[in-house]
Amino acid sequence: MIRRAWNWVFGKHPPRPPDPDRVVEAAWVPLWQSQIVTDELRAAGIPAVVNEEFTVHLTTYTREPMARIFVTEDRLHEAEDLIADLTGQPPIHRKL
């Protein structure tokens with residue numbers, strides 16, 4: 001019992017399997033690309049939704065309206081590969 005607790009504290013626990021009921025961020029893309037990417041993900045059978053992030057304030061990371069794309073955790077790697085093929089670059093994630 002104590003050994004398992006120490007392994008958990010220091011990160012030696014086995015990784016948990018992807019949860020099909022958990023939603024994770026797949027990419028942070030310009031707003032104009034978000035619907036194109038989401039439509040392609042859905043056409044490939046990957047459930048995806050878009051969250052528009054529009055603000056009148058310019059940020060350090062972007063100068064245009066952006067959107068976050070969310071998929072289920074078990075399909076994340078497929079979605080990231082497809083997004084990289086569509087946009088020509090690996091997907092970026094929103095910086096806090």
Output the distance between atom OG1 (Thr72) and atom CD (Glu78), rounded to the nearest 0.5 Å.
8.5 Å
Where do Pro20 and Asp74 come nearest, in terms of heavy atoms and distance?
CB-OD2, 3.5 Å
Rounded at 0.5 Å granularity, tell me how far CE in Met66 sits from OG in Ser34.
9.5 Å
same_hphob_cluster(Leu41, Phe70) at 4.5 Å side-chain heavy-atom cutoff:
no
Between Pro47 and Arg42, is any pair of side-chain heavy atoms under 4.5 Å apart?
no
Considering all heavy atoms, the nearest Ala67-Leu31 contact:
CB-CD1, 3.9 Å
Where the side chain of Arg75 meets the backbone of Ala48, is there a donor-acceptor pair that is under 3.5 Å apart?
no
Main-chain N/O of Gln35 paired to Thr38 side chain as donor or acceptor, under 3.5 Å
no
Distance check, rounded to the nearest 0.5 Å: His93 atom NE2 versus Trp28 atom CH2?
12.0 Å
Pick from Leu86, Val29, Ile83, Leu82: which one makes a side chain to side chain contact (heavy atoms under 4.5 Å, CB included) with Pro91?
Ile83
With sequence neighbours left out, what residues match Glu73 under salt bridge (Lys or Arg N to Asp or Glu O under 4.0 Å)?
Arg16, Arg22
Shortest non-hydrogen contact from Ala26 to Val71?
CB-CG2, 3.8 Å
Rounded to the nearest 0.5 Å, what's the gap from CD1 on Ile69 to CD on Gln33? Could you check?
8.5 Å
